[in-house]
Amino acid sequence: MSTSVLDKQILDTPQTITQISGSEAVLKCLIDEKVEVIFGYPGGAIMPIYDALYGYGNQLEHILVRHEQGAIHAAQGFARASGKVGVVFATSGPGATNLVTGLADAMIDSTPLVCITGQVFAHLLGTDAFQETDVINITAPITKWNYQITDANEIATVLAKAFYIAGTGRPGPVVIDITKNAQVQKFDFTGYTKCKHIRSYRPKPIIRKEYVEAAAELINNAEKPLVIFGQGILLGKAEKEFDAFLIKSGLPAAWTIMGMSAIPTDHPNGVGMLGMHGNYGPNVLTNECDVLIAIGMRFDDRVTGRLDKYAKQAKVIHLDIDPSEIDKNVKTTVPVWGDCKETLPMLTELINKKSYPAWRAKFDEFAKQEESKVIYHEIHPTSNTLTMGEVIHQLNVLTENKAIYVTDVGQHQMVTCRYAQYTDSKSNITSGGLGTMGFALPAAIGAKYGAPDREVIAIIGDGGVQMTIQELGTIMQFKPNVKIIILNNNFLGMVRQWQELFHEHRYSFVDIQSPDYVKVADGYGIKGKSISKREDILPALKEMLAHPASYLLEVIVGKENNVFPMVPQGRGVAEVVLCKEELL
Amino acid sequence: MQKQEFNLTVYTENQVGLLSRIAIIFSRRKINIESLNTSPSEIDSVHRFNIVITETEEVVRKVCRQIEKQVDVLKAYYNTNDEVVWQELALYKVPTEVIAQEVKVERLLSQYGARVVVIRKDYTVFSVTGHHEETDKMIKVLEPYGLIEFVRSARVAIIKSSEGFHRKLKQFEYFEPGSETAENEYLGQNEKVFSM
């Protein structure tokens with residue numbers, strides 16, 4: 001093991017042995033916080049921390065990415081796959097600003113992260129010093145909390161707060177900006193104590209029992225109730241509690257893309273996905289149900305469509321840990337504030353065991369229509385060109401629904417979410433709220449570190465993959481076994497779909513060219529293959545999955561395939577259409 | 001829903017950067033902050049913001065909840081003008097000579113509730129405490145006599161129904177004392193600090 005410069009200093013000067021540098025303190029704190037892996041990129045203002053890291057290689061794994069955006073998306077993938085806090089190192093200035101997209105993504109998708117950025121010396125703040133940027137103010141609206149450390153004595157308490165804030169309540173990203181003088185400063189490190197309480201911060205609102213009772217009464221008297229759930233179930237680690245609630249209540253339940261895999265996709269109560277490209281039944285029947293029970297979801301506009309045409313007939317129960325979500329978009333009849341891990345068992349206790357055969361039959365009826373008009377043709381196409389759906393379908397079969405799918409943003413994302421089959425929790429990792437193209441490749445790398453025993457498959461479009469393709473270098477160097485499927489339609493497909501449907505076929509700058517991905521992969525030492533024939537799908541997927549290392553598979557799919565059903569923008573969820581002809 | 005003036009009262013930790021975190025909650029929605037006052041409450045470590053905006057109650061409620069969601073915010077309330085008692089302080093600087101000759105100062109004092117803050121040979125400073133309209137009136141009165149400078153403070157407001165606020169704050173601080181605000185001690189000390 002090599003000794004760092006700072007270690008040497010300590011060894012050479014025994015009189016300062018009780019003192020350590022701020023940088024070393026940062027690492028000691030991370031170790032005490034049980035951080036296993038850091039995604040980062042060094043630079044001038046964070047060099048003392050990297051210097052200290054030189055001597056801590058056996059206790060902290062550091063993954064050197066190719067761009068800071070890659071680091072933060074990887075940390076997001078890690079957090080989403082593991083349920084733990086993701087950690088990022090980046091330098092000041094451009095290093096920090098390259099985190100911005102990932103921070104915004106993590107903020108809107110409630111992903112727990114602690115990002116440590118280096119900063120110029122405290123005496124240089126505000127002087128336009130080299131690589132100085134006002135990270136605290138830039139990141140204020142896209143972080144749950146941020147703080148600048150200018151004195152090493154603050155490190156332990158601030159980092160403890162950072163992990164506590166990032167991981168509790170409604171999780172979110174935290175940025176800790178540490179000036180270089182604090183990193184090099186020697187001080188008496190008195191140890192790390194985990195933060196358990198902050199006087200101004202209430203991670204969980206107090207549960208009001210009367211609201212739980214009122215919610216139970218509404219559910220017990222409902223004839224056509226519908227549960228819609230989001231990532232809150234996964235973030236609250238309340239999968240079991242939710243399953244028990246569903247089994248007893250007999251309620252049909254539909255998921256948002258962020259809530260996907262909180263219950264198996266073939267769960268007896270599951271009725272599919274909500275939203276713009278969600279399933280037919282849950283979208284239409286949202287506007288027929290009498291009680292709508294929203295759990296850990298935030299009524300995003302991609303879920304609700306036009307708000308003034310959304311579930312107006314229904315009484316709404318909203319379970320959420322974040323009080324500011326209540327009534328934000330949809331007026332709630334009964335708000336149930338609290339952690340759903342605690343509120344769901346209370347609710348389960350009070351509700352009657354019930355089933356809704358006639359109501360469930362309606363979902364089945366819509367599912368049948370969707371199956372015959374959309375799903376069947378997507379999975380069993382008759383044209384020569386391949387569909388994204390048939391690839392996902394084959395992948396489900398081969399992975400026995402056990403893989404983690406990490407998707408980017410666009411048509412392939414919607415198709416994957418529509419056709420993916422999952423049995424395990426935390427299987428669907430995607431950029432939901434922000435819609436960040438370029439998310440999937442680095443997020444898949446992080447997901448593999450977060451869930452090393454699971455098969456991690458990145459499914460990416462030809463647009464998104466070119467946004468962060470440099471992270472193939474990270475795979476080359478650190479060899480996480482990540483499978484990459486590029487569903488290449490030679491278009492920015494989702495934009496093209498909108499241009500076709502709503503802009504009179506005016507294909508404005510969507511014909512994006514791709515490099516030879518197999519050659520690119522080869523350049524990075526990653527095995528690759530490109531296929532375009534139906535008979536090649538199964539053998540190619542098998543080869544990919546059997547390969548002991550990373551593998552890139554490009555599948556050339558139909559250029560102008562559209563994703564349906566679709567709730568056109570500006571319309572109500574009940575106006576969901578199954579095909580292009582219905583739009584007119 | 002009709003837009004009207006709302007008074008937001010926000011208790012916060014005394015943290016560098018929190019003002020901007022709160023301000024961006026308004027600017028993100030393109031809401032104009034009409035008046036903003038912030039200073040320590042009766043507890044040094046707890047700051048109190050008074051913010052005035054004109055919006056619908058629905059928007060104000062959402063904004064208020066998102067302010068309260070900030071980690072360093074203790075509590076946020078919103079009230080209509082009817083629900084608060086408020087004052088603004090205004091200072092007026094006028095040439096002493098003109099005022100002494102042409103203005104009935106005692107009338108200013110009695111009719112507008114003005115106070116004399118300072119009298120010098122060259123200028124006099126009056127102050128008026130009251131609502132916006134009242135402090136405005138004094139400008140009109142003094143303008144013809146060579147008003148030199150005018151300044152008005154932000155609104156400070158007391159909530160009429162604030163039952164036990166002071167006691168609760170004291171108790172809160174007693175059970176969980178706040179920490180000192182960390183500031184940058186190295187500014188302007190270039191020579192003393194090692195630099196690369």
Side-chain angles (χ1 to χ4, degrees), chain A residues 44-45 47-48 120-127 129-130 134-151 153-154 157-158 161-162 164-166 168-170 172 174 177 179-182 184-185 197-203 205 322-329 331, chain B residues 10-29 43 45-47 57-59 61-76 169 171-196:
Chain A
M47 272 176 63
V120 302
F121 287 88
H123 72 275
L124 293 175
L125 288 170
T127 65
F130 178 66
D134 185 354
V135 174
I136 294 300
N137 275 306
I138 287 175
T139 62
I142 46 170
T143 49
K144 187 174 173 186
W145 190 64
N146 61 9
Y147 191 84
Q148 185 176 62
I149 293 173
T150 51
D151 189 308
N153 288 293
E154 294 180 274
T157 46
V158 169
K161 269 179 88 173
Y164 176 62
I165 291 166
T168 54
R170 180 178 179 173
V174 170
D177 195 37
T179 57
K180 201 167 177 180
N181 60 293
V184 296
Q185 182 187 343
H197 175 78
I198 297 168
R199 70 171 189 171
S200 61
Y201 170 59
R202 252 169 243 96
D322 177 356
S324 76
E325 286 300 338
I326 307 290
D327 290 341
K328 188 184 79 178
N329 294 334
K331 198 89 186 129
Chain B
V10 186
Y11 285 102
T12 74
E13 297 288 358
N14 183 14
Q15 282 278 2
V16 174
L18 187 56
L19 170 62
S20 117
R21 263 193 179 268
I22 289 174
I24 57 179
I25 291 172
F26 297 96
S27 57
R28 178 181 175 190
R29 291 166 183 73
I43 310 292
S45 67
V46 174
H47 271 225
E57 182 171 355
E58 200 183 325
V59 170
R61 190 191 312 120
K62 288 177 193 174
V63 164
C64 208
R65 282 192 183 158
Q66 290 185 333
I67 291 174
E68 200 166 277
K69 188 168 142 180
Q70 295 295 324
V71 168
D72 293 315
V73 170
L74 299 164
K75 204 82 193 139
L169 250 164
Q171 273 177 356
F172 176 74
E173 178 70 15
Y174 176 78
F175 288 115
E176 290 182 61
S179 49
E180 222 170 279
T181 310
E183 288 179 85
N184 185 358
E185 289 165 21
Y186 301 94
L187 284 178
Q189 298 196 28
N190 298 19
E191 298 79 16
K192 289 184 200 163
V193 189
F194 160 79
S195 178
M196 253 165 82

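Throughout, protein chains are lettered first and strands after them, A, B, ... in sequence-line order, and every chain is numbered starting at 1. Here the structure is a predicted model, which is why all the values come from computation and not from measurement. All heavy atoms count here, side chains included; hydrogens, waters and symmetry mates do not.
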| message | Other residues, nucleotides and ligands only: do more than 12 of their heavy atoms fall within 6.0 Å of CD on B/E176? | response | yes
| remark: Of all heavy-atom pairs linking A/H123 and B/Y186, the shortest is CB-O, 3.0 Å
| query | How far apart are the closest heavy atoms of A/Y147 and B/Q15, and which atoms are they? | reply | CE1-OE1, 3.5 Å
| query | Minimum heavy-atom separation for B/R21 to A/A140, with atom names? | reply | NH1-O, 3.1 Å
| remark: In terms of heavy-atom pairs under 4.5 Å with chain A, the winner among B/C64, B/S45, B/S179, B/G17 is B/S45
| message | The criterion is salt bridge (Lys or Arg N to Asp or Glu O under 4.0 Å); which residues satisfy it with B/R65, sequence neighbours excluded? | response | none
| query | At what distance, to the nearest 0.5 angstrom, does CD1 of A/I149 lie from CG of B/N184? | reply | 13.0 Å
| field | Heavy-atom contact with chain B under 4.5 Å, split by part of A/T143 | value | both
| query | At what distance, to the nearest 0.5 angstrom, does NZ of B/K62 lie from CD of A/E325? | reply | 10.5 Å
| query | Given a strict heavy-atom distance threshold of 4.5 Å, which part of B/L74 is in contact with chain A: side chain, backbone, both, or neither? | reply | both
| said: What's the separation between atom CG in B/D72 and atom CD1 in A/I165, rounded to the nearest 0.5 Å? | reply: 7.0 Å
| query | Between B/V71 and chain A, which part of the residue has a heavy atom less than 4.5 Å away: side chain, backbone, both or neither? | reply | both
| Can B/F175 and A/R199 be said to form a side-chain contact (heavy atoms from CB on, under 4.5 Å), step by step? | CA-CA 10 Å; B/F175 288 115; A/R199 70 171 189 171; over 6 Å; no
| query | Under a 4.5 Å heavy-atom cutoff, which of A/N146, A/I198, A/D327, A/V120 has the most pairs with chain B? | reply | A/N146
| field | Option that, when pairs with chain B are counted at under 4.5 Å, heavy atom only, ranks first among A/T179, A/D151, A/I326 | value | A/I326
| message | So which residue, A/K161, A/Q148, A/H197, ends up with the most heavy-atom pairs under 4.5 Å with chain B? | response | A/H197
| field | All ring pair (Phe, Tyr, Trp, His ring centres under 6.0 Å) counterparts of A/Y201, not counting sequence neighbours | value | A/Y164
| message | Given heavy-atom pairs under 4.5 angstrom as the criterion, report whether the side chain, backbone, both or neither of B/R28 touches chain A. | response | neither
| said: How close do B/L187 and A/A122 get, counting heavy atoms only, and between which atoms? | reply: CD2-O, 3.6 Å
| Which answer fits B/E13, side chain, backbone, both or neither, if we ask what part of it has an atom under 4.5 Å from a heavy atom of chain A? | side chain
